[in-house]
Each structure stands twice: as C-alpha cells, then as structure tokens.
Number of protein chains: 2
Amino acid sequence: MLSFTEENYLKAIFKISEKEKKSASTNSLARHLDTTPASVTDMLKRLAEKEMIHYERYKGVTLTAEGNRIATSLIRRHRLWEVFLVEKLRFDWEHVHDLAEELEHIYSEELISRLDAFLNYPKFDPHGDSIPNAEGKFTIRNQMPLSDLMTGQSCQVLGVKEHSNAFLRYLNQIKVKPGTQIKIEERIEFDASLRVLIDQKERSTISDSVAQSLLVKRI
Amino acid sequence: MLSFTEENYLKAIFKISEKEKKSASTNSLARHLDTTPASVTDMLKRLAEKEMIHYERYKGVTLTAEGNRIATSLIRRHRLWEVFLVEKLRFDWEHVHDLAEELEHIYSEELISRLDAFLNYPKFDPHGDSIPNAEGKFTIRNQMPLSDLMTGQSCQVLGVKEHSNAFLRYLNQIKVKPGTQIKIEERIEFDASLRVLIDQKERSTISDSVAQSLLVKRI
DNA sequence: AAATAAATTTAAACTAATCTAAATTTTTTG
DNA sequence: CAAAAAATTTAGATTAGTTTAAATTTATTT
C-alpha cells in the first residue's frame with residue numbers, strides 16, 4: 001500500500017512523461033509537486049525500492065508496469081470524481097480539481113466501480129479529458145485545437161488543453177464549455193486572434209493563445 | 001488546520017464522552033483508536049496546545065467549544081457520506097462505515113453543503129443516527145429499544161444501537177432495517193427472546209440482546 | 001576540451017506520529 | 001491506611017516525509 005505522497009509522485013511522473021514524452025527529471029518533478037529536488041531524489045529511491053519506477057542516478061525516471069497501473073487508476077478516480085462534482089453536485093468546473101485531488105486517494109475498487117455506474121460510465125471528464133476504464137484503457141477521439149480551423153468553419157468544443165483557474169473562469173465568462181458550438185467568422189491577421197460566434201448567439205474575439213488551448217471537433 | 005490523526009482523536013473523545021457521559025480517559029482512547037496509551041498522552045498534549053481539549057495530567061479530557069465544533073462537523077460529514085453511499089451508490093449498510101471514515105476528512109464547507117442538498121437534507125443516516133445540521137444541531141426523536149415493548153405491540157425500526165458488521169449482517173438476513181415494521185407476537189419468559197412478525201410477512205425469533213440493540217418507535 | 005552553468009544527489013537535521021519500556025500517579029482492596 | 005493493581009506519563013527510539021547547504025555529476029559554451 002502506497003502513501004498519499006507516494007501516489008502523488010506516481011501521478012506526477014505519469015503526467016510529465018506523457019506531456020514531454022520522455023522520462024521525468026528530478027527538477028520537473030520538484031516543480032510539479034512544489035517541493036525541493038532533494039526531497040524528490042529521496043522519494044525516487046523509495047519508489048524504486050518498491051518497484052514502482054525505473055530509476056538510475058542522474059538519469060530521470062519512468063514508471064514500471066505496476067507504477068503505471070496505479071497512476072492510471074488515480075487518474076480514473078480523479079476524473080470520475082470530477083464528473084460527480086460537476087454533474088451531481090453542480091460545482092463549477094474550476095472548483096473541482098482540488099477536491100478530486102483528495103477524493104482520488106480513497107482506495108476502494110467497489111467505490112469506484114459503483115461511482116462509475118452511478119455516473120453512467122462517462123468516457124470524458126468535465127474538462128474533456130479521457131477517463132480510463134477499469135482496465136486502464138483511455139478512449140481516444142479526434143480533436144484539434146480551435147486555432148487549426150479555417151475561417152467560416154464550425155466546431156463543437158470537446159475540452160481544454162490548459163487547466164488553470166484563470167483560463168477556466170475566462171471560458172465561463174464567454175460561455176464556452178464542452179458541448180458549446182463555435183463558428184469562426186474572421187481571423188485577424190495581425191495577431192491570429194479570432195472573431196467567433198458562440199452557440200449561434202454571442203459574438204466574441206478570442207486570442208490565438210486561447211484558441212490553441214481549446215480542443216474541438218469540426219461539424 | 002488539524003491533521004487526519006488529530007481529527008480522529010477529537011471524534012473519539014466526542015464519542016466516548018457522549019456514551020460514558022464523562023471525560024474520556026487515556027486508556028479508553030487508546031482502545032478506541034487502536035493505539036497505545038503513551039501515544040494518546042502525546043497527542044493529548046498537542047491537542048491541548050491547540051486548545052481543542054481541556055486536559056489535566058491523569059484526569060482525562062473533554063472537548064473545548066472549538067474541539068466540539070470540529071468533532072460535530074466530522075460526524076456530520078461521516079453520516080452524510082453514509083447516506084450517499086447507501087442511497088445513491090447502493091452499498092449495503094455494513095460496508096459504508098470504513099469508506100465514510102475516509103471521506104469525512106475531506107474538508108470543504110462547499111462540498112458538504114452541496115452534498116447535503118443533493119441528498120435532500122437527510123436528518124438521519126442509514127443506521128438511524130442523527131445527522132447534525134450545518135450549525136451542529138442534532139435532531140432528537142423519541143425512540144426506545146425493541147426490548148421495552150409489550151407483547152402484541154407493533155413498531156417501526158428507527159435505527160441500531162450497535163454498529164458491528166456481524167449485527168448488521170444478521171439484520172440483513174432477517175430483513176430488518178430502518179423503516180421495517182415489527183410486531184411482537186410472543187415473549188419467551190426463559191431468556192426474554194421474542195417471536196416477531198416482520199413487515200407483516202416473515203416470522204422470526206430474536207434474542208433479547210438483539211432486541212436491546214434495535215431502536216424503534218411504537219405505531 | 002576546459003570552464004562554467006545547470007541539474008542532481010548526499011549529508012545532516014527537523015517535525016509529526018508512532019512505539020516499547022520504565023517511572024510515576026491514582027485507584028482499589030485487604 | 002498500606003500494599004497491590006491499574007492507569008497514565010515520561011524517556012528514548014523509530015519511521016515517513018521534509019528541509020537547507022554542500023558536494024557531485026552532467027550539459028553547455030567558448
């Protein structure tokens with residue numbers, strides 16, 4: 001049985017490896033977990049001891065099969081709880097991350113499979129991230145950043161690439177969330193910002209940086 | 001902010017004081033928390049330091065107003081989660097205690113008030129225990145042990161006094177839970193056991209010890 | 001390829017929570 | 001009320017997780 005802290009390390013290693021497509025470095029882990037590189041080194045030794053990671057001094061870490069299984073399970077639990085908090089308890093999506101961060105550590109197969117059933121086996125969380133199934137398999141779907149679309153095209157929002165509260169609050173403001181329809185009416189050459197029509201009602205101008213962080217499918 | 005462990009001590013002090021109607025002793029806490037008296041003494045000093053308890057060496061402890069507030073809040077959270085687990089996730093009542101024991105430590109006013117609303121502001125948990133409201137007030141109701149009833153009388157089960165898994169599983173077997181109707185058809189003089197009619201369908205004999213642990217109201 | 005910078009690890013120390021064993025205080029009992 | 005028993009506390013050690021500062025290794029630059 002792993003501690004709360006050990007579990008968080010595994011999840012961080014998973015996320016960093018996924019994003020940067022290589023082994024996670026001590027420094028990146030320290031940044032991610034808001035701790036010092038010395039503490040990270042200490043913990044990596046412990047996790048290697050428990051055969052959760054492949055670790056070689058100065059070389060960074062990757063997860064073992066078992067480490068990967070646990071990290072995936074944590075992500076499954078996290079995302080299922082986020083669905084619960086948003087759909088059942090009516091939380092705004094920018095408020096659910098921290099709570100799910102705690103709920104995910106409660107270990108019980110039974111709890112999670114019942115929660116999954118109660119929520120009707122969702123495949124994606126409120127941010128559009130894929131929820132791995134009980135076997136650890138992620139559902140993949142076609143999606144692209146809004147910034148890749150041509151002028152005149154329409155799309156449906158699937159999710160976000162960026163999870164900061166500031167970004168999520170901004171999307172609330174302009175009434176954009178998974179499911180929202182967006183039509184690109186004009187692309188400003190100067191800064192690549194977009195004039196868009198949201199849900200056939202509201203007009204808005206969004207920056208290129210926002211458009212790159214919005215994941216959509218063409219319709 | 002209190003640690004997980006400190007919170008469990010406050011809850012244990014609350015429960016022991018409630019049951020024995022006096023200050024909680026070091027030994028009773030050690031038994032309750034499955035630890036050693038030495039560890040308890042250590043922790044009591046820390047909790048006294050934080051002004052959560054009134055503590056005098058060799059004299060036992062009681063909660064301060066603040067300690068009482070926190071313990072009550074924990075009990076509120078525990079019982080609300082139990083309602084969620086039984087009513088929404090369809091767990092059997094003997095399986096929810098341990099999970100609620102973990103869920104209760106997630107601190108968020110918002111989470112609990114939304115959960116409360118989602119569950120429709122329940123006043124009692126699946127075992128029939130009163131759920132304190134947001135102000136810490138417990139709902140009191142008239143209830144008596146089944147063993148106090150006369151032959152021929154009928155009643156409705158409100159809850160249980162004893163929470164062991166063995167007892168709860170036995171009640172499942174004879175199809176008794178809060179809401180169930182019981183009519184006493186005969187009292188055996190020899191051992192005070194009762195011949196009862198359950199929900200006007202099934203007949204059963206229950207021991208005096210079981211009858212003393214079932215809380216009911218006459219109908 | 002040496003010098004410098006950046007990343008990482010080691011060493012030593014700290015805190016919270018725990019334990020065992022010994023010492024002390026309180027309670028019970030003959 | 002003194003002796004014995006029970007309850008409680010103290011002392012000293014242990015473990016997980018952390019920190020800072022110094023030392024080491026790897027990467028980058030001239």
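Small disclaimer: the values here were computed from a predicted structure and weren't measured. Just so it is clear: chains get the letters A, B, ... in the order the sequence lines come, proteins before strands, and each one is counted from 1.
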**Report entry** Between P of D:dG17 and CG of A:L33, the distance in whole Å
**Finding:** 13 Å
Query raised in the report: Would one find a side-chain N or O of B:T41 under 4.0 angstrom from OP1 or OP2 of D:dT10?
Result: no
Report summary line: Sorted by position of nearest nucleotide on DNA chain D, 5' first, the leading residue of A:K50 and B:S25 is B:S25
Query - Pairs satisfying ring pair (Phe, Tyr, Trp, His ring centres under 6.0 Å), at least one member in residues 5-32 of chain A, at least two apart - result: none
Report summary line: Under a 4.0 Å heavy-atom criterion, the protein footprint on nucleotides 18-25 of chain D, written with B, S and -, is BBBB--BS
Report task. Specify the separation, in whole Å, of atom NZ of A:K45 and atom P of D:dG17. Result -> 15 Å
Would you mind writing out the side-chain donor-acceptor pairs for residues 51-59 of chain A within the sub-3.5 Å range, not counting sequence neighbours?
none

Query raised in the report: Can you pull the salt bridge (charged side-chain N to carboxylate O under 4.0 Å, His left out) pairs that have at least one residue in residues 80-92 of chain B, sequence neighbours excluded?
Result: none
Query raised in the report: Once you round it to whole Å, what is the distance between P of C:dA16 and CG of B:L44?
Result: 16 Å
Requested in this report: Using atom CG of B:L29 as one end and atom P of D:dT9 as the other, report the distance to the nearest whole Å.
Outcome: 10 Å
Report task. Rounded off to whole Å, could you give me the CE-to-P distance for the A:M1 and D:dT15 pair? Result -> 21 Å
Query raised in the report: If you look at every strand shown and take non-hydrogen atoms under 4.0 Å, does A:F4 touch a base, only sugar-phosphate, or nothing?
Result: nothing
Query raised in the report: Can you check the B:N27 CG to D:dT9 P distance for me, whole Å?
Result: 10 Å
**Report entry** Test side chain to side chain contact (heavy atoms under 4.5 Å, CB included) applied to B:S147 - qualifying residues, sequence neighbours left out
**Finding:** B:P145, B:D208, B:A211, B:Q212
**Report entry** ring pair (Phe, Tyr, Trp, His ring centres under 6.0 Å) pairs, two or more places apart, involving residues 119-149 of chain B
**Finding:** B:W93-B:H127, B:H127-B:H163
Query - Neighbour count >12 (heavy atoms, 6.0 Å) for atom CZ, B:R218 - result: no
